[in-house]
Structure formats: C-alpha cells, structure tokens
Amino acid sequence: MEALIELRGVNKHYGALHVLKDIDLTVGRGEVVVVIGPSGSGKSTLCRTINRLETVESGTITLAGQPLPAEGKELARLRTEVGMVFQSFNLFAHKTVLANVMLAPLKVRGKNRDEAERRARELLERVGLADQAEKYPAQLSGGQQQRVAIARALAMDPQALLFDEPTSALDPEMISEVLEVMQQLAQDGMTMVVVTHEMGFARSAANRVVFMADGQIVEDRTPEEFFTAPESDRAKDFLSKIL
Ligand code: ADP
Ligand code: MG
C-alpha cells in the first residue's frame, strides 16, 4: 500500500510541555486510522501537525512522498490536499449552505461558478442535504451542520481527510447521521485520520487504531487486536473507563 501520510520522528513542545514525542505514523492511501486516547494526550495536536497548522521542532512530515515544507506557497498548496473537520463546524454564518461548500473551490482553486455549484450540489446530495442548500447554518441541526462541514472539506477534492472529534459537540441523536456519512466515505476509499471516542465506528470502519497517551503512540494495531487484547496498561485502563 502506498504511504499517503508519513510522520517520522516528530517532536513538539508547548513551552516545557512535550506534547508529541517521537511520533512515527504512516497512513496508507485508502486507509482509515482512528486515533483514541485520554484527554490531553496530544490527539488534536497530532491532527494539526499533519496539516502543519502547528510547527514542529524535529522530524519530517510527507504527503504522497513529498515533504511538507514549514511555510510558503508550496505548503499552502499541499495543505489543500488534506481536508479537516473539527468538533465545532466553523461554517460561515452569513452564507448559505451551498455558498459555504462553494467558497474554497471558488477562492482557492479558482473554479468557475457553475462548476463549483454543480460539484457543491453533488456533495450535498452525498451527505444527504441536497434539499438544504439554500438555508443558513443556524437553520440546520448540529448533525446537519457537521455534514455540511464534511461536504465543504470534500469540495477541495482532498487526498485525505482529518476529523478531530467530529461528533463530540453533537446531541446523541445526531451522532449516527454523521458517522454514517463518514462510514460511507471510508467505504468509498477516502484516506481518513479520525480522532473519536466512537468505538463502534472504530470497530466497523478503522483499518487501524492508534492509541495515544502522554504524547506518545502507545499502540498501533487492528481494531480487533486492540479491543480484544490491548497490550499496554494505559490502553487497558482507558478502555475500562469508556467501554
Ligand atoms: P487531546 O486532543 O488529546 O486532548 P491536545 O493535543 O489538545 O490533546 O493537547 C495536548 C497537550 O497540549 C495538553 O496538555 C494541552 O493542554 C496542551 N496544549 C494544547 N494546545 C496548546 C497550546 N496552544 N498552548 C499550550 N498548550 C497546549
Ligand atoms: Mg483534542
């Protein structure tokens, strides 16, 4: 399998706090990697690092074999190859759903309006929101807003998508509609790194589970192996609290 995202020896500090410790992680094209671990273990930092929204002190990050530079035009271009979906949906409140999804392709990719609109409507259909295109974010439920955020990320035709706790701000009854969209993306072959505590999703969609604790990757195994026989005490302890 071709390595799409590769981190080698990545280290990061916030002041005296060593948040990422010698991280080695490979995500193959088409692979779904679920990242779990206690609060404060560095999961969000890892996601932002993959996209270089955070600087790192050492190590390399490559995308499809190309090193991600620390800054500049080439970084901006490579960054558009990796979409990101956050816990808070971050939609533009004064733009319609359709306009939210069209925005980046128009501004960043320089697509023409008809093409951007056609693609945006196609993506809204894919996340089950074709009939909500003319509404404003505030008129939608949280689950619907998060699905718009997924459509918006897909509009850039990214090579991979990062999800940082995409369902943890949602009311329980809205979680499954978002997970179903993610499950479908996984089936369609999208490369995904997903920080989540939704163990059902991890079991059914993930190729690998990465367990983080204290800035380190403690386990990196298949979901079956991880859930049935976690090796480390940290993972056993974590699982006993959430399952
Ligand atoms: P997780 O997503 O696993 O909960 P984070 O990556 O958000 O963990 O945070 C890892 C550690 O880094 C935590 O101790 C957190 O308090 C700290 N941290 C995160 N962001 C910053 C920041 N911008 N400045 C200083 N410390 C931070
Ligand atoms: Mg986090």
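As a basis for the values below, the full set of heavy atoms in this structure was taken, side chains included, without hydrogen atoms, waters or symmetry mates. Every number for a ligand or one of its atoms is a count from 1 in the order of the listing.
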**Study point:** Ion pair Glu125/Arg121, N-O distance below 4.0 Å
**Key:** no

Review point. Should you measure from each heavy atom of Pro38, which atoms of ligand 1 turn up under 4.0 Å away?
Key: 3 (O)

Check your understanding: Considering Gly215, Gly15, Gly42, Cys47, which one's heavy-atom position lies nearest to atom 8 (O) of ligand 1?
Key -> Gly42

Point to revise | More than 12 heavy atoms of other groups within 6.0 Å of Glu173 CD | key: yes

Review point. Are Val27 and Ile50 close enough that some pair of their side-chain heavy atoms sits under 4.5 Å apart?
Key: no

Would you be so kind as to tabulate the donor-acceptor pairs closer than 3.5 Å made by side chains of residues 222-229, with sequence neighbours excluded?
| residue | atom | partner | partner atom | Å |
| --- | --- | --- | --- | --- |
| Thr222 | OG1 | Glu224 | OE1 | 3.4 |
| Thr222 | OG1 | Glu225 | N | 3.1 |
| Thr222 | OG1 | Glu225 | OE1 | 3.3 |
| Glu225 | OE1 | Thr222 | N | 3.2 |
| Thr228 | OG1 | Glu224 | O | 2.4 |

Exercise for review: List the closest protein heavy-atom neighbour of atom 7 (O) of ligand 1: residue, atom name, distance to the nearest 0.1 Å.
Suggested key: Ser44 CB, 3.7 Å

Review point. When only distance counts, is Gly40 in polar contact with ligand 1, meaning an N/O pair under 3.5 Å?
Key: yes

Review point. Is Gly37 near ligand 1, meaning one of its heavy atoms is under 4.0 Å from it?
Key: no

Review point. When you look for heavy atoms under 4.0 Å from ligand 1, do you find them on the side chain of Val19, its backbone, both, or neither?
Key: side chain

Exercise for review: If you have a sec, work out which protein heavy atom is nearest atom 19 (C) of ligand 1 and how many Å separate them, to one decimal?
Suggested key: Tyr14 CE1, 3.4 Å

Review point. Under a 4.0 Å heavy-atom limit, does Leu46 contact ligand 1 with its side chain, its backbone, both, or neither?
Key: neither

Review point. Which residues satisfy the salt bridge (charged side-chain N to carboxylate O under 4.0 Å, His left out) test with Arg203, sequence neighbours excluded?
Key: none

Point to revise | Side-chain heavy atoms of Thr191 within contact of Leu161, under 4.5 Å | key: no

Exercise for review: For atom 16 (O) of ligand 1, find the nearest protein heavy atom and state the residue, atom name and distance (0.1 Å precision).
Suggested key: Leu17 CD2, 4.7 Å

Check your understanding: Which residues and atoms, protein N, O or S only, are under 2.8 Å from the Mg ion (ligand 2)?
Key -> Ser44 OG

Review point. So is Lys12 actually on top of Tyr14's ring, under 6.0 Å and inside 45° of the axis?
Key: yes

Study note, to complete from the structure: For Thr45, the atoms of ligand 1 under 4.0 Å from one of its heavy atoms are 5 (P), 6 (O), 9 (O)

Point to revise | Protein heavy-atom partner closest to atom 3 (O) of ligand 1 - residue, atom, separation in Å | key: Lys43 NZ, 2.7 Å

Check your understanding: Going through the checks in order, is the salt bridge (charged side-chain N to carboxylate O under 4.0 Å, His left out) test met by Arg118 and Glu115?
Key -> CA-CA 5 Å; Arg118 188 189 51 73; Glu115 194 189 335; 5.3 Å; no

Name every donor-acceptor pair, under 3.5 Å, that has one atom in a side chain of residues 3-10 and the other anywhere in the protein, sequence neighbours excluded.
| residue | atom | partner | partner atom | Å |
| --- | --- | --- | --- | --- |
| Glu6 | OE2 | Arg8 | NH2 | 3.0 |
| Arg8 | NH2 | Thr26 | OG1 | 2.7 |

Practice item. Side-chain contact test, heavy atoms from C-beta onward, threshold under 4.5 Å: evaluate it for Arg79 versus Leu53 and give yes or no. Key: yes

Review point. Which class fits the ring pair Phe238 and Phe211: parallel under 30°, tilted 30 to 60°, perpendicular over 60°?
Key: tilted

